[in-house]
Every structure is written in structure tokens, then in C-alpha cells.
Amino acid sequence: MKDNSGTSGIDLLGEEEADFVRTIADGIEHHPKTRLRPCLKELKAHGGCQGAVKRINQSQCYSFDEEVSVRSSGRIAAILETLARALEEVGGALENARTVKLFGETVHLAIYEKTKKEPHSITPEEKREQQKYEHYGWGKPNIRTWDYRFDGLLKIKVASEGSFNSRSHFAQSERTTYTEKQDSRLEEMIPDIFLAICDVCARKRAERLEMVERVSQHEEAVRYMQAEIDRFNLEVKKLERAIEEARRFESANLLRRYANAIAEEDSSEAAEYAEWLGKKADWFDPAISVEDPIFGLLSDTGIPQCKPNCSTSLPYELEWFFKRRGSSPNSTWEAFLSILNKA
């Protein structure tokens, strides 16, 4: 697969489409008090950590939960609304606060608020639990050592999940993470975040189209190879059939010579046998292929084989009939008929 890690994914869209995407990015204007769509309005109202301290240090799921404070959830919702409107202009959509659909591909947004690690300040409830433990000697409370206090600085990462080219994916990791500082706010990075989303989706689409093309080429190569194999096998079968027919032709001529030798004997048995040999030779000769009254037409299986004798065992229902009567018939139809007559 081609390594496009050093190439802008937007350039893979084509010159006209790439220029249109960059024009949209240059025209993005952010309004902190913009009207939010329902999913972001709900997020602003109920998303985020309710306290100033992060309760657990783990990754977010499908809402901000422990990764963004309530104080910052409004800012994030406004930023996402601006991104959503820009994405809609290029045919994309913000499916939820963390998922973007663009160019037929899906990327995810990981949103965090930076925290400061500081010694834990024990709460009144924890103090009461500690006093109970010291008094009774059981039920030791689980009091953490550190607090992770939100500091208001946000970070957005465009996560390219499901990329075929893992090397390209990791090469983009730093370029698709946007962290604000005291002198650079995330709102100022919205055009760059928008371009990063377009870049990742364009790369994923190019990779997918390349994989589809490679699958198509593989299937075409397999079809060509199978056609060659079928043609080869057909020639092999034709040659095998020709060799078998040549052997039958020789055998048929050998039978005719043998019949002629037998016919020289001056007897009716010899004449009858010679006639039989001639008919079998005509039946066995692939150039004539006369139908035999017993064997029928000559098949590709060669000389007919003797059939096994017919089984004389009684069917299960008849065996059960005699066992119920307390008798054991012989395995011959004559014995069977004689017992039936007695019954």
C-alpha cells in the first residue's frame, strides 16, 4: 500500500474539491453564543463532571462525564456547533458529540480538559468515615491520595479508528491533536481542527478505495488464473480420453482378429462365438459405438464390472414380524413364503 503519511489527505480529494474544503476552512467564524442543535444543547445542559475535581482518571465513553467540567462543557458545545456547520457545507455531519461522518468515512473526537495533580483534600464525609474506622476498627474507607483538578484548558484529538495503514495512522497522531494553552485558545484552532477532520477522512477514503481496487485486481487475477487452469485441465481430460479411445480401438481390433481366427474352425459353436466376439468388438470400438443389448452404450468407465449378488436378508419390518411370532425364518424367500402360508 502507498504510504501517504507525508502527503496531505485533502490533496487526495482532487484539486477542485481540496480548494473548496480550504475555502470553507478560511471562512469559519466562531460565535460563542451560537444557537446549538438539540444533541449539543442536551450535552451542554447535562454533560460534564459536576465537580471541580475529576473523580476518576479514565477515558471518556459517550459523554464528557469525567473528562470535561461543567464549566467547560458550554465552550465545547459551541466549538462543536461551529465545526458541525462547517462540516455540513462539505457534505459531512456531526452524528453526536464524539462522531463525525464525512466522505463516507467515520472519525471520532476525543475531548479532554487538562487537570492538575495535587494532594487530595479530605472531605467532611471522608473525615467522618475515617473517624468511624478509628473508633470501631473495621470498614476502612478508601480515600485517594491525589486530586485531579480541572484547569479549564481543553484538548481535542481527531482519532482515525479503523485505518488500514497503521503506520500512517500513528504518523498523524501528533498532527491531529489540538491542545490549548493560556495564550492560544481552542476556538482559534477550529479551522485547523476542521482541516484535520477532512484530512483524516480523505485519507481513510483513499485507503478504502485503494483496498477496493486491490481486491478487484486480485479477483481479476484469480479469474484469469482459474480460466488458465480450466483450459489446461480440459486439454488433459481430452488427451486422457483420446488415449483411452485408442486403447479401446486396439482392443476392438484384437477382438476382431480373434473372432476371425475362431471362425476358421468348422463348427457351429465356433461360428456362434465368433459372431458374439464381433458384436462385442463393434460395441467396444469407440469409432462405431454400437449399443449392446445387455451393456447398452459404451460408457467412459471402461470394461463393465461384475455386479454383486443380490442380498437375501429380509427387510427390518419382516424380521420384526417373525420375531414377534417367535420364529426365525431362513434368509431365503422360499422359507419366507412357506411361513407366510402357515400363518
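Reckoned from all heavy atoms, side chains included, excluding hydrogens, waters and symmetry mates.
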Is any side-chain heavy atom of V107 closer than 4.5 Å to a side-chain heavy atom of C201? yes
Apply side-chain contact (heavy atoms from CB on, under 4.5 Å) to residues V222 and H218 and explain how you reach the verdict. CA-CA 6 Å; V222 169; H218 172 74; 3.6 Å; yes
Can you check side-chain contact (heavy atoms from CB on, under 4.5 Å) on L254 and E250, steps first, answer last? CA-CA 6 Å; L254 180 61; E250 291 182 355; over 6 Å; no
Is K140 salt-bridged to E134, going by a charged N under 4.0 Å from an acidic O? no
Do V200 and I28 belong to the same hydrophobic cluster, where Ile, Leu, Val, Met, Phe, Trp and Tyr are linked whenever their side-chain heavy atoms lie under 4.5 Å apart, directly or via other members? yes
W138 and Y136 aromatic ring geometry - parallel, tilted or perpendicular at 30°/60° bounds: tilted
Applying the 4.5 Å side-chain criterion to the ILVMFWY set and letting contacts propagate, would I190 and F20 be lumped into a single cluster? yes
Hey, does the side chain of T82 reach the backbone of A78 with a donor-acceptor pair shorter than 3.5 angstrom? yes
Show your reasoning for whether salt bridge (Lys or Arg N to Asp or Glu O under 4.0 Å) applies to R231 and E228. CA-CA 5 Å; R231 188 169 66 89; E228 290 295 308; 3.1 Å; yes
Examine distances only and state if a side-chain atom of S216 and a backbone atom of V212 form a donor-acceptor pair shorter than 3.5 Å. no
If you count heavy atoms of other groups shown closer than 6.0 angstrom to CD of Q217, is the number above 12? yes
Student check: side-chain heavy atoms of D285 and K280 closer than 4.5 Å: no
Begin with the C-alpha distance, continue with both residues' side-chain angles, and end with the deciding distance and a verdict on salt bridge (Lys or Arg N to Asp or Glu O under 4.0 Å) for D292 and K279. CA-CA 8 Å; D292 187 84; K279 290 180 179 180; over 6 Å; no
Report the residue from R205, R208, K204 that forms a side chain to side chain donor-acceptor pair (under 3.5 Å) with E105. R208
Within a radius of less than 6.0 Å around CD of Q226, do more than 12 heavy atoms belonging to other residues, nucleotides or ligands occur? yes
Check: N260 side chain, R256 main-chain N or O, donor-acceptor pair, under 3.5 Å: yes
Any donor-acceptor pair under 3.5 Å linking the side chain of D282 with the backbone of V290? no
Could you tell me if the side chain of Y112 sits less than 4.5 Å from the side chain of T179, heavy atoms only? no
Looking at L186, is its backbone amide N or carbonyl O close enough to the side chain of Y178 to form a donor-acceptor pair, meaning the two atoms are under 3.5 Å apart? no
When you look at E95 and V100, which way does the side-chain contact (heavy atoms from CB on, under 4.5 Å) test go after all the steps? CA-CA 6 Å; E95 296 189 337; V100 172; over 6 Å; no
Any donor-acceptor pair under 3.5 Å from E291 side chain to G296 backbone: no
Using 4.0 Å as the upper bound for N to carboxylate O, is an ion pair formed by R248 and E244? yes
Taking the inter-plane angle between the rings of W283 and F295 on a 0 to 90° scale, is it parallel (under 30°), tilted (30 to 60°) or perpendicular (over 60°)? tilted
Could you state whether L36 and L80 fall into the same hydrophobic cluster, counting links through intermediate Ile, Leu, Val, Met, Phe, Trp or Tyr residues with side-chain heavy atoms under 4.5 angstrom apart? yes
What about M189 and L109, same hydrophobic cluster or not, with Ile/Leu/Val/Met/Phe/Trp/Tyr joined at side-chain heavy-atom distances under 4.5 Å? yes
Shortest non-hydrogen contact from A274 toward A259: CB-O, 3.4 Å
About how many Å separate OG1 of T115 and CZ of F150, when rounded to the nearest 0.5 Å? 7.0 Å
Treating E126 as the side-chain partner and T123 as the backbone partner, does any N or O pair qualify as donor plus acceptor under 3.5 Å? yes
Sidechain N-carboxylate O distance under 4.0 Å for R85, E81: yes
Under a 4.0 Å threshold between the charged nitrogen and the carboxylate oxygen, would D26 count as salt-bridged to R22? no
Decide, yes or no, whether a salt bridge links R241 with E245 under the criterion of side-chain N to carboxylate O below 4.0 Å. yes
So, E180 and K155, do they make that salt bridge, N to O below 4.0 Å? no
Minimal non-hydrogen separation, G152 against S72, with atom names: CA-OG, 4.1 Å
Is it the case that one hydrophobic cluster holds both F249 and L255, taking links as side-chain heavy atoms less than 4.5 Å apart, direct or via other members? no
